[in-house]
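Computed from a predicted model, the values in this text were never measured in an experiment. Because only heavy atoms are used, hydrogens play no part in the values below, and waters and symmetry mates are left out as well, while side chains stay in.
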Amino acid sequence: MTLITRRNALKLGLAGGAFALATPSQALVEIVVTGGNFTPLPIAIPDFASSDPAFGAEIAQIVRDNLKRSGLFVPLDPASLPIRVGDVTNEPDFAAWRAATVDALVMGSVERGAEVGSQVRVWDTQASAQVVGKSYKTDAQNYRRIAHIVSDAIYASLSGGTGYFDTRILYVAESGPKANRVKRLAIMDQDGFNVQYLSSGKALTLSPRLSPDGASVTFTSYEDGNPQVYVAGLGGASKKLINGAPMSFAPRYSPDGGTVVFSVSNGGTTNIYAAGAGGGNPTQLTSGAAIDTSPCYSPDGSRIVFESDRGGSPQLYIMGAGGGGAQRISYGEGSYSTPVWSPAGDLIAYTRQSGGQFHIGIMKPDGSGERILSSSGQVQEGPTWAPNSRVLGFFRDPGGDAGPSLHSIDIWGRNELNLKTESFASDPAWSPLRG
Amino acid sequence: MRSVTPLLAVLRAAALVVLVVAVAACSRNGAGGTGVGNLGPGGGAPGSQQEFLVSVGDRVFFETDSSNLTPTAIATLDKQAAWLNQYRNYRILIEGHADERGTREYNIALGARRGSIVVNYLVSKGVDQRRITTKSFGKERPVAICNDISCWSQNRRAVTVVQ
């Protein structure tokens, strides 16, 4: 079996796995789809060459950790490899690597000066060919980013989709007793490093979402007594989005970042409104006595998926971005909440409650192809898409005196991981790839 | 412009903490009872906040994902309305809450709906709407902390705070 075959199989397994509809050739079925199982690709990543060997080893380990967490790769023990330090200048000794049963090989180098620069080559040892060769630079202040950027290049070259490692996750950091818990905004790299706290915790702060350019955040805060929607530059002063609403919450940016859509509660009814991200008069998009909340734009900005209990229990509906013409899309048992449209536009992820359990699921925007990815008797909710539309974050809360934690899972229901945080954490919002 | 002085605000906050601890402890002991705050023996002086808490009852409970008033809730609200109509110097805050078995955003809306139902009922019984403000905490401020229905049922509540 050659790497090329495996690489194609990997791509095909990913593309066809979501709804198990693909009919790949017999050989590929044997490799990839047997029992819905999937075999991650072994990959060799020697330490990166560097004038500072410890730094080269650290960068390589960040790359290995990223690829391992993706669930698509199994980085081999670097101590077991024929060469311990990468060489980006010469062609590898393919025969030696094949003898070590290594099909996919990453050779890298990294140097730290005014900037951090890295070169990386991905090799197919079976075909004796380079899959990709690139060089990157980034700010020396945040040197870990170079490892994330390199990881994205490797992931993209071998899996046929874009990566999601050079990203951050905005979330609510929780501390203190359950009945009076402090909830403040925080942001971290997707691997849990470089945590920054963005609000003091004096007021309850919930449901933060990043702007498409990653530079601003909108969130719900109890600073005014009642929940209200705020907008702020990352780490900057916050400003209430609109005035005059008794309660506003559940904000989300439009794909162009110019508009925020959110809910307003007034006299027991909750409807959806949109307003310019800089403030201004809101436009009412839904009306009636029901609870309409958790709105989210389609990636082209033309439609909004939201949750409404107008039919009895909470279900998912899609309407035009200007309001009107809402069509129900969820029909399974129980209730559906917190819909989020994938960046690719092909799927909507949501929280479903049925049979005493909380499920994280996905469906197509027409409501077909429902697939439950994770089920738990514990509360789990609030899916958020990684920018490659293949991985979701969400949070789970065991209840009682314990607190919530962040998790990720892929859209095939594989590779559920706990995303480690310094404190209890909820309401994750995955950033786009950083520019 | 607030009518409450900082000192009173601090005292009120302290009283709320005592209330929360008392109810939480209650639930852990399995002696859930009515869930009405118990600030100690005695019903408090007539017209006092303590009398409202102990003798009238400051909260009503809801079924799962419901904002319908149960017969027990209606009985409590009737007593609240009578008391509030007798002691018209108090301002009234209605806090709507949900249990933790729902999503965060929906529960803010559900808490708002529960609070509104209580406001409408009290107003229908003659309480001046201008005295009343509402607030929804969704599932963010449970009083009973455990992981089963004995706690969830106490957290699905609307609390009438006199101030």
With B/Ile108 as partner, the option from A/Ser248, A/Pro227, A/Ser265 fulfilling side-chain contact (heavy atoms from CB on, under 4.5 Å) is A/Pro227
Side chain from CB out, backbone as N, CA, C, O: work out which of these in A/Pro398 comes under 4.5 Å of a heavy atom of chain B, or both, or neither.
-> backbone
Select one option (side chain, backbone, both, neither) describing which atoms of B/Thr134 are under 4.5 Å from chain A's heavy atoms.
-> both
Mind ranking A/Thr269, A/Thr293, A/Asp309, A/Thr270 by heavy-atom pairs under 4.5 Å with chain B and telling me who comes out on top?
-> A/Asp309
Distance-minimising heavy-atom pair for B/Phe137 and A/Tyr222 = CA-OH, 3.4 Å
Under 4.5 Å to a heavy atom of chain B? For A/Gln380 that would be neither
Hey, is A/Arg252 close enough to B/Glu105 for a salt bridge, meaning N to O under 4.0 Å?
-> no
Distance col, row A/Phe249:CZ vs B/Asn107:CG, nearest 0.5 angstrom, shows 10.0 Å
Separation of B/Asp65 CG from A/Ser313 OG (nearest 0.5 Å) = 8.0 Å
Which one of A/Ser426, A/Gly382, A/Pro177 has the most heavy-atom pairs closer than 4.5 Å to chain B?
-> A/Ser426
Nearest-0.5 Å distance that lies between atom CD1 in A/Ile291 and atom CZ in B/Arg113 = 3.5 Å
Single hit among A/Thr220, A/Asp397, A/Thr338, A/Asp427 for side-chain hydrogen bond (donor to acceptor under 3.5 Å, both in side chains) with B/Arg104 = A/Asp427
For the candidates A/Ser207, A/Ala289, A/Gly225, which exhibits the highest count of non-hydrogen atom pairs separated by less than 4.5 Å from chain B?
-> A/Gly225
So, the part of A/Ser263 with a heavy atom under 4.5 Å from chain B: the answer is neither
Using a cut-off of under 4.5 Å on heavy-atom pairs, state which of B/Gly96, B/Gly138, B/Gly111, B/Gly102 scores highest against chain A.
-> B/Gly102
Under 4.5 Å heavy-atom distance to chain B, tell me which part of A/Ala402 shows up: side chain, backbone, both or neither.
-> neither
Of the non-hydrogen atoms in A/Met247 and B/Ala112, which two are nearest, and what is the gap between them?
-> SD-CB, 3.8 Å
Rounded to the nearest 0.5 angstrom, the OH-CD distance for B/Tyr106 and A/Glu381 is 13.5 Å
Residue B/Ile149 excluded, over 12 heavy atoms near CD1 under 6.0 Å | no
When rounded to the nearest 0.5 angstrom, what distance separates NZ in A/Lys178 from CZ in B/Arg141?
-> 11.5 Å
